[in-house]
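Contents: one structure, followed by commentary.
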Amino acid sequence: MPLKKTAPVKRRDLLAGVAAAAGFATVGLLPGTAAAATRQRPGAVRPPSLSTADKAVVARVDARRALRHLKVLSDEIGWRVCGTRQEHAAARYIAGVLRDLGYKVTLQPFAVPDKSLAVLRAGREDWQSAAAAGGAAGRAAGPVVDLGAATAVAADLTGKIALFTRVAGQELAQAQAAAARGAAAVLIANVRSATYPERKAATFFPNLAEPVDVPVLGIAEYHAARIRGGVRRLSLEVTRHTGLTSYNVIAERRATFPNPRGKAVIVSAHYDSVPGSPGGNDDGSGTVLCLELARVLRRLPTQQDIRFCLWGAEEIGLVGARHYVGRLDDAEAARITGCFQNDMVATSHPPAGTYWLLSVDGADNTTTAAVAAAAERLGYVGQTEGPTARGSSDHEAFHERGIAAGNFSWRGEEAPSQLEPVYHTPEDTVAGNISLQRLQVSLELIGCAAYEVARHR
């Protein structure tokens, strides 16, 4: 009787066995590892069913570590407007963390537009705001006069700071009216949009068709409420920022197994923020997710390179990511298996309880499929949504080049356009808008998904 042929061992199974002996051996030495790998995950509806590779990620990843980085970026550095010294400080910090983890780090420079920004001082508080390019630069100080939604001014404003409620399309008339009556500066308080009335109004750049010879600021709803709540006197300074450069921070570790085709998995986020906002959730949260996963994945065995990309200048039109993708030749682009973009992954806003898998065309791809599969293994059955069509983040740049990419984010249950009310505002802070639990879930989902892709050719 002939012997039965045994089924050939698949390469991926062989890799799993080798990895278990090599890279995963240390998992059992970590405190609490068994419990971490088997207990029900935060907010999950059922216990996990984890692979050996998943356990290696789950046992190591820790939102509290990520939070330490977030406090540096959001609380200490603060607003990180592209091209400014604060954005540069953030880039240096991120690069330093990644170098310390053993990654090969490159800072990729690119030019960004000039802009006018202002710092307001109310007592011991400093606020940042956008300022009109057509207004004056320099300093001003004085008592505040609240003119509401007026577009004409009769009172003498000499030496005073005029505060208006924004009237869309009439910003020039408001600024000119105040300047003509002697105002030292003009503050125009933004108002909520009719499209998204639940979102608080952010700072904005007043569009002045003609020059005005005093500083003109577009302040956030938060700033206006604070001023109207009892601030009687302000000082401010408008600075023109010219000849600006932003940076992408690119960190890579090579595959631990032969990778003849040079394939790579990208995990990414943007680290800049809008004027006036410390960017706690948008997108400090995605940035520190990348830093924590860089720590967790740095020594785990893979068959693909792993690349962590932190983009500059996302907030002005995905400039950093498009610069990076535009510099890839066709062969380099073809070697990227997928880009996992993480944008707003930790909001504490209660209704933002759905984890969205977003692709530009709404079709499934390597990244969205990997995150959906990780969600199943981790026990998040029915708690993710997608893939759903949506751009508006750096995954667009990769999709435009034909590279599989998804954006992953906590948003409202009904649609991915339902964001937290403090989106892009001064209230997007660590203390006010970050959930450690949601950050932990995001870390585990992306960590398990990206690692699963990186383990295979």
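What's counted below: heavy atoms across the whole structure, side chains too, no hydrogens, waters or symmetry copies.
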Parallel, tilted or perpendicular: rings of Y355 and W410 (30°, 60°): perpendicular
R322 and E396, any side-chain heavy atoms less than 4.5 Å apart: yes
Test log, rule side-chain contact (heavy atoms from CB on, under 4.5 Å), inputs T245 and V112: CA-CA 6 Å; T245 299; V112 292; over 6 Å; no
Within 6.0 Å of NZ in K200, more than 12 heavy atoms from elsewhere: no
Minimum-distance pair of heavy atoms, taken over all atoms of P416 and T388: CG-CG2, 4.2 Å
Enclosure of R85 CZ (heavy-atom neighbours >12, cutoff 6.0 Å): no
Main-chain N/O of G353 paired to E413 side chain as donor or acceptor, under 3.5 Å: no
Partner of L443 under side chain to side chain contact (heavy atoms under 4.5 Å, CB included), chosen from R65, R438, E292: E292
Pair R46-E376, salt bridge (charged side-chain N to carboxylate O under 4.0 Å, His left out): steps then yes or no: CA-CA 9 Å; R46 65 163 173 75; E376 286 289 319; 3.7 Å; yes
N342 side-chain N/O to F340 backbone N/O, donor-acceptor pair under 3.5 Å: yes
V105 to A95 - nearest heavy-atom pair and separation: CG1-CB, 3.9 Å
Side-chain (H395) to main-chain (R390) donor-acceptor, under 3.5 angstrom: yes
NE2-CG distance between H270 and D394, expressed to the nearest 0.5 angstrom: 6.5 Å
Donor-acceptor under 3.5 Å (Q418 side chain, A352 main chain): no
Mutual orientation of the aromatic rings belonging to Y247 and H88 [parallel < 30°, tilted 30-60°, perpendicular > 60°]: perpendicular
Donor-acceptor contact below 3.5 Å, side chain R80 vs main chain G279: yes
From CA spacing to verdict: side-chain contact (heavy atoms from CB on, under 4.5 Å), L172, V212: CA-CA 8 Å; L172 177 61; V212 176; 4.0 Å; yes
Contacts of type side chain to side chain contact (heavy atoms under 4.5 Å, CB included), residue A369, not counting sequence neighbours: D364
Atom pair CG/CZ of L297 and R253 - distance to nearest 0.5 Å: 7.5 Å
Those residues that, when tested against Y222, pass ring pair (Phe, Tyr, Trp, His ring centres under 6.0 Å) (two or more places apart): none
Test item: F164 and V153 side chains (from C-beta on) under 4.5 Å apart, heavy atoms: yes
W356 side, atom CH2; N407 side, atom CG - distance, nearest 0.5 Å: 12.5 Å
Among N281, T287, D282, side chain to side chain donor-acceptor pair (under 3.5 Å) partner for S285: N281
Nearest-0.5 Å distance, OG of residue S359 to CD of residue Q341: 13.5 Å
Atom CZ of R298 with >12 non-hydrogen neighbours under 6.0 angstrom: yes
R240 atom CZ, neighbour heavy-atom count above 12 within 6.0 Å: yes
Passing option when F408 is tested against D343, L445, L289, T367 for side chain to side chain contact (heavy atoms under 4.5 Å, CB included): T367
I250 side chain near W311 side chain, heavy-atom distance below 4.5 Å: yes
Any donor-acceptor pair under 3.5 Å from H69 side chain to A66 backbone: no
Test side-chain hydrogen bond (donor to acceptor under 3.5 Å, both in side chains) applied to H349 and E420, step by step: CA-CA 6 Å; H349 181 51; E420 65 263 24; over 6 Å; no
C448 side chain near V58 side chain, heavy-atom distance below 4.5 Å: yes
Heavy-atom closest pair, residues P48 and R41: CG-CD, 4.2 Å
L244/C82 under side-chain contact (heavy atoms from CB on, under 4.5 Å): CA gap, chis, key distance, verdict: CA-CA 8 Å; L244 301 180; C82 65; over 6 Å; no
Verdict with reasoning, L236 to L234, per side-chain contact (heavy atoms from CB on, under 4.5 Å): CA-CA 7 Å; L236 60 89; L234 280 172; 5.6 Å; no
S277 side-chain N/O to W79 backbone N/O, donor-acceptor pair under 3.5 Å: no
Test side-chain hydrogen bond (donor to acceptor under 3.5 Å, both in side chains) applied to T425 and E221, step by step: CA-CA 8 Å; T425 73; E221 178 181 345; over 6 Å; no
Backbone of A122 reached by a side-chain donor or acceptor of R124 within 3.5 Å: no
Exercise: identify the closest heavy-atom pair between H223 and W127: NE2-CB, 3.5 Å
Exercise: identify the closest heavy-atom pair between D428 and P278: O-CG, 3.3 Å
Side chain to side chain, E314 and D283, heavy atoms closer than 4.5 Å: no
Under 3.5 Å donor-acceptor, E87 side chain and D272 backbone: no
Any donor-acceptor N/O pair, S442 side chain to V345 backbone, under 3.5 Å: yes
Shortest non-hydrogen separation from R307 to A264 and the atoms involved: NH2-CB, 3.4 Å
Test side chain to side chain donor-acceptor pair (under 3.5 Å) applied to E385 - qualifying residues, sequence neighbours left out: none
Lys/Arg N to Asp/Glu carboxylate O, R401 vs D330, below 4.0 Å: yes
CG-NE2 distance between D114 and H241, expressed to the nearest 0.5 angstrom: 10.0 Å
Interatomic distance, D146 atom CG to I227 atom CD1 [nearest 0.5 angstrom]: 9.0 Å
